[in-house]
Number of protein chains: 2
Amino acid sequence: MTDVVTPPTSPVSRERSKEIKRLSVISTARQVRLLSRAELTELTGLSPATLTPLVRDLIAEGYLIERGPGTSRAGRPRAMLEFNPRAELVAAVSLEPSRISCEIADSDGAVVAHRAIRLTGDIVDTICRSVPELAGDGLPALRGVAIAAPGVISGGAVRLAPSVGLIEGRPIGESVQRTLGVPVVVDNDVNLMAAGEHAAGAGTDVADLLLLHVADGIGAGLVLDGQVRRGARGAAGEVGFLPLDPAGRGHDGIGPFEARWSENAIAERVVALAPGRRPDSPVRALVALAVTDPHAAGYLDELLHAWSRLIVSCVCVIDPGRVLLSGAAADLDDAAVGRLQDLVTAAAPSTTEVRRAVLGDRAVLHGAVSYALSAAAAGLPTLLPAP
Amino acid sequence: MTDVVTPPTSPVSRERSKEIKRLSVISTARQVRLLSRAELTELTGLSPATLTPLVRDLIAEGYLIERGPGTSRAGRPRAMLEFNPRAELVAAVSLEPSRISCEIADSDGAVVAHRAIRLTGDIVDTICRSVPELAGDGLPALRGVAIAAPGVISGGAVRLAPSVGLIEGRPIGESVQRTLGVPVVVDNDVNLMAAGEHAAGAGTDVADLLLLHVADGIGAGLVLDGQVRRGARGAAGEVGFLPLDPAGRGHDGIGPFEARWSENAIAERVVALAPGRRPDSPVRALVALAVTDPHAAGYLDELLHAWSRLIVSCVCVIDPGRVLLSGAAADLDDAAVGRLQDLVTAAAPSTTEVRRAVLGDRAVLHGAVSYALSAAAAGLPTLLPAP
DNA sequence: TTAATTCGTTCGCCGTAGGAAGGAAGTGTG
DNA sequence: CACACTTCCTTCCTACGGCGAACGAATTAA
């Protein structure tokens, strides 16, 4: 009956505070890219004496690269240090219906390697083989893996239910984590997109945002106070279920709102207006049609009204301050976005910016990078001093 | 051109980590109430050697009181330490139309002193005089002040606009903080209620909840991941503005939904159903009427449907997992709450509990206590080791 | 060439953490 | 009643890391 070897759980002790300083320096360097030790003392508040050995370690580990001397008007020139983004790699894995796409990126979100893999055997096995293979000799720098679960766009806990055993939470995440030995995060792709836009897209300057993703369904990703919020059961952002439309009828996992106003529904209507095969981007097609066809213009207006009610609902509940349009909603032209903004402004209780997301397909990747990097720093909420 | 004397902003340095340990012990003691040093070593992970002087200090400062020896089967009995809630006092100030009510409470939320004051002169002056007077010789133990702004229930930034200059943010908060020298938080009362129920009411066991407060207007307070979330402009929870009701018409600061389904609206309808003067609790009156009067029963059902749509909307956006009914909504009887729960379950994408809030009037006070205590610990996100 | 200036490093003090040992205060047992 | 035993708390001691201060380094200005 020996106890499990629980690590004595020391408190805030020595090792911890050392780690905090390390992270403080790394995170500063990540932002500033090229700086000297003198600047580090200013920015981190650490004394030069403390920095000397710390920086030495970081150079040895490859986080920092010593560059030539910088310019200075007088005195000894500062020896510049450059942050090496390749020192930290992350893997972003996207699960798609019959394949997985896997990308290795550095901490700038620059893709170092990528590959799409047909899904044949076990998912966990495939991931655990592909990631190290793709990372190659960069494997020791791997800091985390983020896995984006598909089709969750507007299903969350509910719609995922059938595959929950396979995809969500424990099974995949923990298995991969055990095998690869780095933190693994599993989340739905809309949440990852929101994190991506927040970290490197149209939301870097705000702490709160809502990303509205319109595809086969409609889902939202939510960033509040700088963090993605998933709600109690991970179903936050299931805005396709909003009871906004008396005419909307949901069914088995499809919400009443998205049943009428998702990309699929729009496509049907567009095909009815302009017979032919389904266009690649129904929204763009509709916008184009609306210029000449009054029926299309009328429907576009209906659509914008519907989406605006959706956005206003979100604003009333969480007041994100900024709403990003993603997926099919990003295909609106400037005029339509402006119209949407006006509708929202008229009905919302708080000023809210509506604009397009900017990262497109790369949003998930950037989100994965941001997840994986913060997972690496987990347990150590930022204690950085004010700049 | 001397620089402002910015404190050198040391990083995570010595004093800081000492402070962290202090808070770690205090917070553990606050939860456990009666414990020995031996238990503290287990719970905090600090070594006995570290604890001895720390506990000595805390006893000297009045945070802990040494009690007689406890029981033990063998060996030296543990000397028990009792947490003294009176060691930390907070002030909760409620701004009401023409008066302010001021309460001093200990960290259990037990009211030590209270008083209602007619508002004559300047608000800030009044507060800064009343609080110390009321605290009396307990003043040195004052850890924070929370000010609940009134009538913000469903106005947030918008409805507050006229009085923003006087009430919100900087002016009052900062002035009082400067004068009294303790952290001051200003927030609207619904947010405080949500914090209160989370800290000491019907939400102590969950990290996420939504408190729906129905009064003259309808507002919601939001706790996500254990924190009250206010949104980008402080307008989170403005659910009275939800565009759920095609028939609802909002006007100058009144949302379309609350215009039809707030306590005021219900009162009018109840008076129409049973002429007389307006009952104290329109909802209770309606529930009673519904037993015999089919019209009342029909209206009650409409009302529950409306509220359920409101709740479902919130669930779709943030998935709080638990919804607490407060204000007039807490006057529903068990049957009606059950019916509401069923309606929500049928339409929500995620399982959600609906129940009554339990603190009633005391919710704001408990919220203020929780705010003030966490304000005292601010800047030091919990680094407590896992239990 | 010398002074002035700014950077980075090494040295050494100090304070805190935590290990080890010892005293304190009980219970059980011969 | 004496003795071992157990558990709790304290005190002593050592090790380690942060930071102040002095020092060496590398350049510009005079």
Protein-nucleotide distance (A:Glu19, atom CD; D:dG17, atom P), rounded to Å: 13 Å

Rounded off to whole Å, could you give me the CD-to-C1' distance for the A:Glu66 and D:dA26 pair? 14 Å

Quick one: side-chain contact (heavy atoms from CB on, under 4.5 Å) partners of A:Val90, sequence neighbours excluded? A:Ala105, A:Val369, A:Ala372, A:Leu373

Rounded to whole angstrom units, what separation is found between the CE atom of B:Met80 and the P atom of D:dT7? 16 Å

side-chain N/O A:Thr50 vs D:dC19 OP1/OP2, d < 4.0 Å: yes

Are the side chains of B:Tyr371 and B:Val228 in contact, using a 4.5 Å heavy-atom criterion? yes

Among C:dG19, D:dT27, C:dA25, the one nearest any side-chain atom of A:Pro77 is D:dT27

Counterpart residues, side-chain contact (heavy atoms from CB on, under 4.5 Å), relative to A:Glu133 (two or more places apart): A:Arg115

Neighbours of DNA chain C within residues 53-62 of chain B, by heavy-atom distance under 4.0 Å: none

Quick one: A:Arg76 CZ to D:dA26 C1', roughly how many Å, whole number? 6 Å

Contacts of A:Asp108 meeting side-chain hydrogen bond (donor to acceptor under 3.5 Å, both in side chains) (sequence neighbours excluded), chain-then-number -> A:Arg33

Rounded to whole Å, please give me the gap between CG in A:Leu46 and P in C:dG8. 15 Å

side-chain contact (heavy atoms from CB on, under 4.5 Å) partners for A:Ala87, two or more places apart: A:Tyr63, A:Asn84

Which residue pairs pass the salt bridge (Lys or Arg N to Asp or Glu O under 4.0 Å) test with at least one member in residues 50-60 of chain A, sequence neighbours excluded? none

CZ of A:Arg30: more than 12 outside heavy atoms within 6.0 angstrom? yes

Is the phosphate of C:dA17, meaning OP1 or OP2, less than 4.0 Å from a side-chain N or O of B:Lys21? yes

Would you kindly give the CZ-to-P distance between A:Arg78 and D:dT28, to the nearest whole Å? 15 Å

Here the distance between atom C1' of D:dG17 and atom CZ of A:Arg22, to the nearest Å, is 16 Å

Base, sugar-phosphate, or nothing for A:Ala38, non-hydrogen atoms under 4.0 angstrom? sugar-phosphate

Rounded distance in Å - CG (A:Leu81) to P (C:dG8): 8 Å

Would you say C:dC7 has OP1 or OP2 under 4.0 Å from some side-chain N or O of A:Arg37? no

